[in-house]
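What follows is one structure encoded as structure tokens, with my remarks underneath.
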Amino acid sequence: MTETNFNTKTVHFQTKEPARNASKAKPIYQTSAFVFTDLDDMESFYEGEKEYLYSRYSNPNTDDLGKGIALLEEAEDGVATSSGMSAILAGILAVAGQGDHVIASDDLYGGTYQLFAQELLNFGIEVSFISFENLDAVTSSIKEKTKLIYTESVTNPLLRVENLEEVMKIAKEHGIKTMIDNTFATPYLLQPCKLGVDLVVHSATKYIGGHSDVTAGVLVGTQELINVAKSKVITLGCNLSPFEAWLACRGLKTLSVRMERQSRNAQALADALSSHEGVARVYYPKFVSEKGNGAMVSIDLAEHVNVETFFRSLGWVKIAPTLAGVETTVSYPLRTSHRTIPETLRNELGIGKQLVRISVGIEDQKDIIKAFMKAIEKA
Ligand SMILES: *Cc1c(COP(=O)(O)O)cnc(C)c1O
């Protein structure tokens, strides 16, 4: 480099990739592309000997996230994407296209509902929204062009636990693929691929990241479907950035300890709230796993409790339109996640004006319970 001039030095000052000990923490491959020594070396990528060419195709950090979640879900392979939403889209497009039909639960995350009800039509994919509480209705809505059954393992915000064995039975009988959003349960509590589910999707923005500092998604499943999904991610350009993938991977390392503590805190909060006269109903799932039942608790405040005052009286518990961080937060589904759901469907589902969704964090159990008791008393 010494023989070059100033402008060249400015660009090429960095030392070569050193032959040093591997770093303990995974480096961030914050690069848009990878370099080659000569044309034969470049050819080796296309022959499958070299793994990386261009970061939109694949990158060591995004691979860590996709393959890491595949490992935990006991799936064959996985791909990381820019968000939970794009992971859902990539999964759908891996299975269905123009003229195909999808059966989806009518009890879905608001964004997913919007994607299915509005955008999939532009791809020529028709979606029927069915209440999965009556699985006979699912069977009777199957058409010749039905390619996929889609639902969430634990639903949002009413935390209904889907009977995945029964859903799988119907799908298998009719040769239809299945895709499950496992965001609320996480692979710590539930691994739908073990039941034969073809695709599992996560908003890694939630428990996988766990610190509310990253937006990311992951899709895992059979090799055949993930191969198709990967090509969709590449062409649609909904790949995840290396740094975001690195953050999600860092969060993932503590998934077990977070989920264990958060589930325990949530159970205690659900128990405490269910005996309070200011709470009309507590939604907290049972039997998600022998390890726990998750960290989300929803409640219907009693009619005499003023919702506005309740939200204003929570002290250190913040209002946030997300979930799954290490901090306890609350949200109001009616005006956030379920705002876009038609009112009649919302009423049918039971998402009313007294409904509060609580994402329970890792704080001290007694402090969490105290904060909610105080807010209900005040309201
Ligand atoms: C948040 C969420 C999504 C969407 O994920 P993003 O990362 O925000 O795109 C999908 N499904 C469920 C259940 C979610 O909670």
Side-chain angles (χ1 to χ4, degrees), residues 62 65-66 69 73 78-92 104-120 127 129 132 150-162 164 179-190 192 197 199-220 229 233 236-241 244-245 247-249 251-252 255 259 262 266 283 285 288 294-298 320-325 329-333 336-341 349 351 357-360:
T62 57
L65 184 59
I69 298 298
E73 288 279 4
V79 60
T81 68
S82 58
S83 66
M85 293 309 301
S86 57
I88 295 169
L89 179 62
I92 299 284
S105 165
D106 64 0
D107 188 6
L108 292 177
Y109 173 74
T112 309
Y113 177 82
Q114 216 172 345
L115 172 70
F116 287 9
Q118 296 172 10
E119 299 305 327
L120 289 189
V127 184
F129 296 97
F132 275 45
Y150 183 101
T151 189
E152 296 170 356
S153 48
V154 178
T155 68
N156 171 29
L158 299 181
L159 310 172
R160 199 169 49 78
V161 181
E162 204 66 89
L164 293 182
M179 179 166 167
I180 304 295
D181 184 331
N182 201 30
T183 300
F184 274 41
T186 81
Y188 175 76
L189 295 177
L190 205 68
V197 167
L199 288 170
V200 168
V201 68
H202 283 278
S203 167
T205 314
K206 313 293 168 53
Y207 290 107
I208 288 168
H211 295 75
S212 314
D213 53 9
V214 58
T215 298
V218 190
L219 181 74
V220 302
V233 171
L236 294 169
C238 56
N239 53 291
L240 184 62
S241 86
E244 305 272 295
L247 275 176
C249 287
L252 179 59
L255 178 70
M259 283 309 282
Q262 285 174 261
Y283 304 86
V288 176
M296 299 300 298
V297 180
S298 291
T322 186
L323 59 109
T329 57
V330 288
S331 84
Y332 191 50
T336 56
S337 56
H338 289 66
R339 205 183 173 99
T340 57
I341 307 239
L349 294 173
I351 298 162
R357 194 186 71 187
I358 307 162
S359 172
V360 181

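Counting starts at 1 for both ligands and their atoms, following the listed order.
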For [X], take its heavy atoms, then give the atoms of ligand 1 lying under 4.0 Å from any of them.
{"X": "Phe184", "value": "13 (C), 15 (O)"}
{"X": "Ala216", "value": "7 (O)"}
{"X": "Lys206", "value": "1 (C), 2 (C), 3 (C), 14 (C), 15 (O)"}

Between ligand 1 and Ala324, can you find any atom pair, the residue atom being a heavy atom, that is separated by under 4.0 Å?
no
How far is [atom] from its nearest protein heavy atom, and which residue and atom name does that atom have?
{"atom": "atom 5 (O) of ligand 1", "result": "Ser203 OG, 3.0 Å"}
{"atom": "atom 4 (C) of ligand 1", "result": "Tyr109 CE2, 3.4 Å"}
{"atom": "atom 7 (O) of ligand 1", "result": "Thr205 OG1, 2.6 Å"}

Keeping Glu152 on the side-chain end and Tyr109 on the backbone end, is there a donor-acceptor pair under 3.5 Å?
yes
Whether Thr155 side chain and Arg160 backbone form a donor-acceptor pair below 3.5 Å:
yes
Exactly one of Leu199, Asp181, Val127, Ile180 clears side-chain contact (heavy atoms from CB on, under 4.5 Å) with Tyr150, and that residue is Asp181
Exactly one of Leu255, Val201, Leu252 should register a side-chain contact (heavy atoms from CB on, under 4.5 Å) with Ile69. Which one does?
Leu252
Please check whether [X] reaches ligand 1 - meaning an N/O of the residue sits under 3.5 Å from an N/O of the ligand, judged on distance alone.
{"X": "Glu152", "result": "no"}
{"X": "Thr112", "result": "no"}
{"X": "Met85", "result": "yes"}

Could you tell me which non-hydrogen atom of Leu240 sits nearest to which non-hydrogen atom of Thr215, and how far apart they are?
CD1-O, 3.7 Å
Looking at Glu162 and Thr151, what are the two nearest heavy atoms and their distance?
OE1-OG1, 2.7 Å
Selection from Asp181, Val201, Ile88 by shortest heavy-atom distance to atom 13 (C) of ligand 1
Asp181
One residue to check: Ser86. Relative to ligand 1, which of side chain, backbone, both or neither has a non-hydrogen atom less than 4.0 Å away?
neither
Does any donor atom in the side chain of Asp107 or Ser105 lie under 3.5 Å from an acceptor atom in the other side chain?
no
Below 30° counts as parallel, above 60° as perpendicular, anything between as tilted: where do the rings of Phe129 and Tyr113 land?
tilted
